[in-house]
Structure formats: structure tokens, C-alpha cells
There are 2 protein chains.
Amino acid sequence: MPSDDRKKSRVTLLDVARHANVSRATASLVIRKSPLVGAETRVRVEAAMRELGYVYNMGAARLRAERSHTVGVVVPNLTNPFFAELLSGIEAVIDSAGMVVILANSGDLVERQDMVMRRMREHGVDGVILCPAADTAPEFVERVGEWNLPLVQVLRHVSEDVDYAGVDYAAGMRQAVDYLASLGHRKIAFAVHGPVHSAYLERIEGFREAMVSRGFDPGMIIRVPYQTARIPASAHLLFDKGEEPTAVICFNDVVALGLSAGLHDLGREVGENFSLVGFDDVAEAEVMRPRLTSVSTGPVTIGENAARLLLDRLIDPMLPPRRVVKETQLHIRQSCAPLAVTTL
Amino acid sequence: MPSDDRKKSRVTLLDVARHANVSRATASLVIRKSPLVGAETRVRVEAAMRELGYVYNMGAARLRAERSHTVGVVVPNLTNPFFAELLSGIEAVIDSAGMVVILANSGDLVERQDMVMRRMREHGVDGVILCPAADTAPEFVERVGEWNLPLVQVLRHVSEDVDYAGVDYAAGMRQAVDYLASLGHRKIAFAVHGPVHSAYLERIEGFREAMVSRGFDPGMIIRVPYQTARIPASAHLLFDKGEEPTAVICFNDVVALGLSAGLHDLGREVGENFSLVGFDDVAEAEVMRPRLTSVSTGPVTIGENAARLLLDRLIDPMLPPRRVVKETQLHIRQSCAPLAVTTL
DNA sequence: CTGAAAGCGCTTACAG
DNA sequence: CTGAAAGCGCTTACAG
């Protein structure tokens, strides 16, 4: 009978307090592990909670305490395994801080991002980790700060005045170019795709600088389709311009996988008469044949960094803006060959 | 000055009501788009909300209305691209229902799953979509129902009495076996890995039945490592038993990718003198060489189905348990060859 | 169609 | 160390 009516049956803190013969305030202190309450009392209250099957009502607590123990995470794309790994890193540290993540997808569209951020505010998240959609205005993320909503940018950044956790894309490109140069390559292409944002531009800029500083032509940049399945058929773009490259650096491993297939279709032997470098170093790199040489970015770690940045800011909102930019690492496998061999 | 003090400055519904010269109740009705309020009044209240920069406080609303507009999603693994796609489908329909997803990772561990589910309750989610960790007891998911917490199982199921959205794994295996049989294969291996759960057992069972019904030996089941990078080196397991298979069906595309590399390393030519079928049909299948023939499961759709099941149950909690089991589809590409060619 | 009052389940000072 | 009271920002009957 009593468990028959649905909501009404909720066990409240007051029930627990009565059952344990203490006041509601005392019970509240026990829950929050305050040292103010005596050991004997604590044990009694805890027993009462167990016996009654009490469940803490975070919603009620939040209303009073103005903290929701939730953080919003908004990414432009959930399908991409790269974001899945990022999310995994974020979730792990947010979880171990006793908080919970509210997830949203902006679809890389600023209008959707507006909506999503409003929804986050309505849900009273304590802070948000945002990978800004392409074309996000700096004012947008700065405005969030004015709402008293702590924010950290992840992977992409549009404002210098807001925390950022990412990776040194430009240095990663330099590592790739240096490595290929050490093998004797000078005609190196760069295959890009997808929406334009800071992480995109940094890669392009890094490529350009690295090429120019060695006196190489930085102009061999091709754009391949965003859709994975259509990348192989675009491999011919590498050879359509005047001078043929002997190596290609890829925007990410998805492009590397696609071009690798496309080069194969064109009769090129990757790792023998053509060299290919990936970017991100996802798990698949190890099981490609030839094994893919790739610049590792470590999305899980980036996610962890972003979450820690946010946690710090929650503790001290007055912290000056910080950036945690992780170094990349070139993971050499088998997809590149010395130019000598290439020209045989 | 007024925006200087942080929390205190929140604009409340009462502020809006005063600004618009109506009562708080009326303002509340406007927000919830009740038809009870006059057009002129509505416009005035909406203008006030805009002018004041009002943000709805979901937390306060939930406390009174006993609905949080949040749903919990707990998956065993965030890193796996398959779950990322599932999540993407869930998020899309939850979002368009005006709700928000709280995400958690059970790590496929029942103890962590206990914790996570408790956290979900504390946060007052309206329902949860759960991919049960391996070894989850049926009682566990049934108990959730007794908490008055609507639950749907996704991808894996441990109880018949609780909603389930998944895919017909057994039929998928049958499709794979039938196809290989049509090419003349009879010595077909099955390569599995990972934790044991319903989706695992259904695949094994489907394989066994399909093989036995044709009079083939269903005993060639090998277990490869869970870690992607270690799969290629385990390809020799296919040939360690007495009879050598001429084809292998893989537990999923990750296994297919790994074994494809391992077979290559052993000097076998996939799609020529050895046949290989994947499972899941992820985007990468199209860019493998040879292109991977794979049984497609469509995780995005499964996620959408699960979310809709939950939404329905939220509307009517008394619905009998339902299951939405999607059909698989064999996507034929190039990784299988007729046995005739194989034996040449 | 609108207003005044009570209450959702906590936490927070403030006394004792 | 514990108790009584007020209040977080909404929604819900209940009158008018």
C-alpha cells in the first residue's frame, strides 16, 4: 500500500532524521561528512539511511547550495572516435571529482551551439567544457564568462581570455615534416579536410612554416572529402598539380586510412615508393598494413587536462586564463621510406 | 555594481512577473506555453524575460514538478567507436525531446555500475538507458524498476521484464555463414574477444546453429586479445587446430581489421586465398583493402530506438516490457572469395 | 484568464 | 555538537 503511490513514497532527510532521533540539520551534516557530528550519532544516522533506503536528492541540494555537481560537455561530433576518446578522458576525471557530465552535440553549427549552451545554463551546470563549433565568435565564449559560468575550451580555441586545453598542432606538423625531410623528401603534400577552425589553421600554419624554413614548396595542400568513404577516390588529387609529391602528411588518421587505400588503388606502394604520415595516432594505426607512422596527439590526456582546468576554476573562479598545450609525439612505424628507395 | 555580486544577481521568475505586471503564476504559465494565458499578456511576459536576461531554472522546476528533463546513459566503454555512434543516436532523439543526457561509464564492471546508477538516482534522472556491464544480474535491472526509475537495456539484455533495444546478432551470424557457404566454404572459423554478455552469447549461438544446420563443424572458435594492437599477432590461432579454416567470421570490425593485418603478415591474401567477414560495418570497412565485407548492425539506429523506447515509457510507465530488435544486413564488398579460387 | 499561498527536499546561518 | 526557522526558485491546486 505505501509503496503503491509512486512519488509520494520518497524517503526524505527528515524521515532519516526522525528515524535516527536527530534533527534534520544534523542528518544533513552527516551526509556531507562534516566533522562537526559525533561518531556515535554519525553511525546511527548512517544506519537509518540504509534501513530506509534513503537516496540523496541532488536537485534539492543544488537549489539551496547553488552547486549542481554537473558539468556540461559540448562537442561538435559524437561519431568521430577522436571525440569519443576525448570524452572518455573528461568523464574519468569529472567522475572521480564526484561530479557528472551532461553531454551535448553542437553538430559544429553555431546556432545549435547557442541552443545547447542555453540548455546547459537552464540545467545549472557548474561549468562547461566546450570544443567550439567552427566559426564561433570570440565574443561568444567570453560572454559565457560574464554569465558566471566557468568555461574551458578544448581542442579548439577562439579566445585568449578563456582557459584552453589542447595540443601543439604546429609542432606536430613540424615533427612530420622534419622526419620526412630526414628521409630525403622535399616534395611533401598536406591533405586536409573538414571545417575550418583553430586546430585546422594551426596545422596548416605549422606545415607552411616547417616547409618554408627548409626552402621547400609549401603550396601542395589538397582538400579531400569529409566523408570517410569518399576519401580513397580523391587520392588522384595528389598528382593532379604540376609537381608530384613523394610523400603526404595527413590532417588526421581517417584521412591517412582513406588515402592509403586510394594510393593502393592507384598502384602506389605506401612505405616503398610513396610515404605517408598520419596525425592523431589512433589505435587503428598499429593494425594498418603497412603500419602507419603517425603524430600522436593523445585525446584522452587532452580530455583529462580540460577537466582538471575546469575543476581548478570551479575552486577559484578568479584564476587568470590558462592554457595547457600538450606536446605531440611522432610514432614511427612503416609507412615512410627514404627517398633513395622511392626514386629507384 | 549590481552585476558585481555573483550569484545574488540571478534574475528570477518573480522579477520577470513584476517587470511585466503579472503574478508569478502567470509568468510560470507563459514559460510552459500554457494556452490559459492571453496573447497580449504572453507577449508582455516574453518581452520582460528577454529584457531581463531571464534563464529558466530547471533545478527549481524539477524539485516541485518531480521531473528533471534528464536521462542517464551508461555504457561500458567510451573509447569504442561503436558506443560513440550509439551515443550519437541516443543524444539526437533525447535532445529533440527537449531533454538532456547525463553520461556515465561503467567500465564493464558491476561495482562501478552500482555506483553510477546510484549517482543517476541522486541526480534525479527521469529514466536511464543502460548497456549492462558483463555479469550484471537480472535482479539488478529489475530492482531499478522498483525504484520507479524507467530503464531500457540497450545492445545487451539481462532481463526479459525490462525494455530492450538491440539487434538480431544470431541472424547476423546466419547471414555471414550463409554467404560464405554460398561461396563454397565449409571450414569456417569464428574469432571472438572481449567480455561475455548476451550480445556475445547470441553471436556464438547464431554461429553454432548456422554451422550445425548445414552439417559444418561449429567448433572452430578462437579467442583473440581484447586490445586492438595485439590482434594481428594472434592470427596464427586460426591455423593451430587440426583442420585449417578457409574463412573466418569476426566478432566485430575491430577484430576483422586486426586479423586482416595478421593474415597479411602470415602471407595469406584476404579476398583471394582466404575469406574474412566483419561485423558492425563501421565506416572504416569501406577504406580497407580489400574492402571489408561486413554484417551491418547500425548503432546509431539502435541508439535512436532505445531513446524512443524510454521516451514512450516516460509517457506511460505501465506499458508492458517491449523489445525492438533490429535486423542486420550483410554488406558485401571484397574480402571473400569463392572456395574454388581459394583451392587453386 | 490571474493572484495568493503552500510546498518540493535540501542547506545555511543563528542560537543554544 | 544539535535544533528551529528561513529560504533557494519554481509549480500546483484553489479561489476569484
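In what follows, chains carry the letters A, B, and so on, assigned in the order in which the sequence lines appear, proteins first and then strands, with residues in each chain numbered from 1.
Pairing partner, C:dA13: none, since no Watson-Crick or wobble contact has both distances short of 3.5 Å. Pair assignment for C:dA4: none, as no Watson-Crick or G-U wobble contacts are both less than 3.5 Å.
Computed from coordinates, the A:E40 CD to D:dC1 C1' distance equals 12 Å when rounded to whole Å. Protein atom CZ of B:R121 is 15 Å distant from nucleotide atom C1' of C:dG9, rounded to whole Å. For the pair B:K33 NZ and D:dT11 C1', the computed distance is 17 Å after rounding to whole Å. In this structure, A:M49 places its CE atom 17 Å from P of C:dG9, rounding to the nearest Å. Between the CG atom of A:L63 and the P atom of D:dG7 there is a distance of 14 Å, rounded to whole Å. In this structure, B:E66 atom CD and D:dA13 atom C1' are separated by 15 Å, rounded to whole Å. Per the geometry, CD1 belonging to A:I31 stands 15 Å off P belonging to D:dT2, to the nearest Å. B:R62 has its CZ atom 15 Å from the P atom of D:dT12, to the nearest Å.
Taking the side chain as every heavy atom from C-beta outward, B:T70 and B:V101 never approach each other to under 4.5 Å. Proximity of B:L103 to B:L87: side-chain heavy atoms (C-beta onward) are separated by under 4.5 Å at one or more points.
When the nearest nucleotides of DNA chain C are assigned to B:A60 and A:R32 by heavy-atom distance, the more 5′-ward of the two goes with B:A60. Mapped onto DNA chain D by nearest heavy atom, B:G59 and B:L29 fall at different nucleotides, with B:G59 at the one closer to the 5' end. Taking for each of B:L14 and A:V22 the nucleotide of DNA chain D with the nearest heavy atom, the 5'-most of the two is the partner of A:V22.
Of the side-chain N and O atoms in B:T12, one or more sit less than 4.0 angstrom from OP1 or OP2 of D:dC10. The phosphate of C:dC8 (OP1 or OP2) has no side-chain N or O of A:R64 nearer than 4.0 angstrom. In this structure, B:S28 reaches the D:dT11 phosphate: one of its side-chain N or O atoms is under 4.0 Å from OP1 or OP2. Dashed line: the shortest gap from a side-chain N or O of A:T26 to OP1 or OP2 of D:dG3 is under 4.0 Å. Within the 4.0 Å cut-off from OP1 or OP2 of D:dC1, not a single side-chain nitrogen or oxygen of A:T41 is found.
Among the heavy atoms of the strands lying under 4.0 Å from B:R24 is at least one base atom, whether or not backbone atoms are also near. Counting non-hydrogen atoms under 4.0 angstrom, B:A61 reaches the backbone sugars and phosphates but no base.
Considering all non-hydrogen atoms of both residues, B:A133 and B:Q113 come closest at N-OE1, 2.8 Å. Shown here for B:L314 and B:D126, the closest heavy-atom pair between the two residues is CD1-O, 3.4 Å. Of all heavy-atom pairs between A:P321 and A:E160, the closest is CB-O, 3.9 Å.
Residue A:A25 has its side chain nearest to C:dA13 when only C:dA13, D:dC10, C:dG9 are considered.
Remark: A:T41 OG1 to A:E46 CD distance equals 11.0 Å, nearest 0.5 Å.
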